[in-house]
Amino acid sequence: MDLQYMISILPEFLRVIPITMLVVVVSAVFGFLLSVPVAGIRIRKVPVLNLITDLYISFTRSIPILLQLFLFFFGIPVLLQLLGFDVTNISAMTAAIVCLIIYNGAYMSEVIRPAYLAIEKGQHEAAESLGYTRFQKLTKIIIPQMTPIALPGLGNAIIHLIHDSSLVFAIGVVDIMGLATIISSGSFGMQQVEVFLTVAFIYWGISFASEQIIRYLERRKKRVLNRTGYEMKEEAEYNV
Amino acid sequence: MLNLRNLNLSFHGNKVLEDIDLEVKKGEVVTLIGPSGTGKTSLLRCINLLEKPDSGFISLGGLDYDFSSIDKKETLNLRRKTAMVFQQYNLFKNKTAIENVMDAQMVVQKKSKKEAYEKSMEELKRVGLEAKVDAYPNQLSGGQQQRVSIARALAVEPEVILFDEPTSALDPELVGEVLKSIEEVAKSGMTIILVTHEMSFAQDISDKVVFMDKGQVAESGRPEQIFKESDNARTQQFLNKFYAAAQ
């Protein structure tokens, strides 16, 4: 074990952390935005669209994320050409982000949907009986009660996303993991353990930091939960 | 003031309400009684469109709507002229007692926070809960929650308040305080439609009692007519069963 070597390659890794963070943040934000209408369609069982979202969720759940990355990287240009756009290839980064957005849209919708369904029918009816519009009912009554229920699941989704993002190197994105493979092949496979151990520590650090943020939000939301009387485990468990 | 004509409601092809006519005058207390499953609650829920009737007409405080063609906007208009007190209270769990009473005033009626607060304090005092304004529903007893819910209904100044078995979910020792609040509301001149199994209360408080059976209005009239002088066989059967059970 060459500790000095590990320290010497650390700055290089710090340089690519923003790339991993970019992939994670953009995928999380837009994945969440996508998950809202998907959950809405499934909750309201909108004809036809419901069938499509069922297929979509089944697809993203059943196919390994690595395979999905390849499908998107090679598939998007083909699809765009079929639609008449003159594109021969797209950047690995774009493919990776599109893929993870779509993956998280499905995953997070399955967090939001049960949170919505956990709210008693009486809460809806009380608001409706007072003449709230659907939008007013959702924003003032339903979503504030859903948030603390959905938070642990969304936190888990983000931790998973951080881990999944380490696979984007496979289609050529130079993120933390991508850099690790480059360095390790550059040193002719000599100090593999040191390289990957460094990477492991970096992921640990990122996950730990994210977990702290989520725990903080959760503590705030737990107060809301105590008041509303919905049950939640003392501490949500994350698989970091 | 409130007028229902030829109201029909069915669930999945099963007729629940058949050809209901109901007239409620301003300031009247009308009580719906009858065996379980005869559509009393459903009828109440038709008035604010929590159930959508298949057909029929409603007039309420100057609005005239045909249930078979009622749209979103008309539904909202109708709901904003009514308020409901639910069996399970249904207070907004994420809001304190006073926020529960204030919210609809600000969100739906667009009142200022100050106005809504003052009105809410007034109504909470009326139901005797001024000491509990900052408590969350979870921290209140069933009786207290139901009284907050009555204050919430009063605060929007509806044309009519619909009480859906307001004491059925309560522990027996809490029933009295809620009935007292309802009585208070009735005395203030508010128009009330009440579904209840509290027969003696119904007899005392009502201006009109409607006995429903199998989705139809079997009989209606002044309380003493229904409770004492009814010659309707089904009414008698129901009341006899009820009194036998009470003893």
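Predicted model, so just to flag it, every value in this text is computed and none were measured. So you know, we letter chains A, B, ... as the sequences are listed, proteins then strands, and number each from 1. All values below were derived from every heavy atom in this structure, side-chain atoms included, with hydrogens, water molecules and symmetry-related copies excluded.
- Using a 4.5 Å cut-off between heavy atoms, B:Val107 contacts chain A through both its backbone and its side chain.
- Within the 4.5 Å cutoff, the side chain of A:Pro144 has no heavy atoms near those of the B:Phe92 side chain.
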Take A:Glu125 and B:Met84 through the test side-chain contact (heavy atoms from CB on, under 4.5 Å) and record every step on the way to the result. CA-CA 9 Å; A:Glu125 290 187 344; B:Met84 186 171 240; over 6 Å; no
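- Separating the OG atom in A:Ser129 from the CG atom in B:Leu78 is a distance of 12.0 Å, to the nearest 0.5 Å.
- In this structure, CG on B:Asn90 lies 10.0 Å from NZ on A:Lys121, to the nearest 0.5 angstrom.
- Inter-residue side-chain proximity for B:Lys93 and A:Glu120 is flagged as met; some heavy-atom pair is nearer than 4.5 Å.
- Shown here is A:Phe32, whose CZ atom has no more than 12 heavy atoms of other residues, nucleotides or ligands within 6.0 Å.
- Other residues, nucleotides and ligands contribute over 12 non-hydrogen atoms within 6.0 Å of the CZ atom of B:Phe11.
- Enclosure of atom NZ in B:Lys111 by more than 12 non-hydrogen atoms of other residues, nucleotides or ligands within 6.0 angstrom is indicated.
- Both the backbone and the side chain of B:Asp103 have a heavy atom closer than 4.5 Å to some heavy atom of chain A.
- Within 6.0 Å of CZ in A:Phe30 there are 12 or fewer heavy atoms belonging to other residues, nucleotides or ligands.
- Among B:Thr75, B:Thr96, B:Leu91, the residue with the largest count of heavy-atom pairs under 4.5 Å with chain A is B:Leu91.
- In this structure, CD on A:Glu128 lies 9.0 Å from CZ on B:Arg45, to the nearest 0.5 angstrom.
- Within a 6.0 Å radius of NZ in B:Lys110, other residues, nucleotides and ligands contribute more than 12 heavy atoms.
- For chain A, no part of B:Leu162 is nearby; none of its heavy atoms comes within less than 4.5 Å.
- Summarising the local packing, OH of B:Tyr117 is surrounded by 12 or fewer heavy atoms from other residues, nucleotides or ligands at distances under 6.0 Å.
- Listed by sequence position, A:Leu130, A:Gly131, A:Tyr132, A:Thr133, A:Gln136, A:Lys140, A:Ile141 are the residues of residues 130-142 of chain A in contact with chain B, using a 4.5 angstrom heavy-atom cutoff.
- At most 12 non-hydrogen atoms from other residues, nucleotides or ligands lie less than 6.0 angstrom from NZ of B:Lys25.
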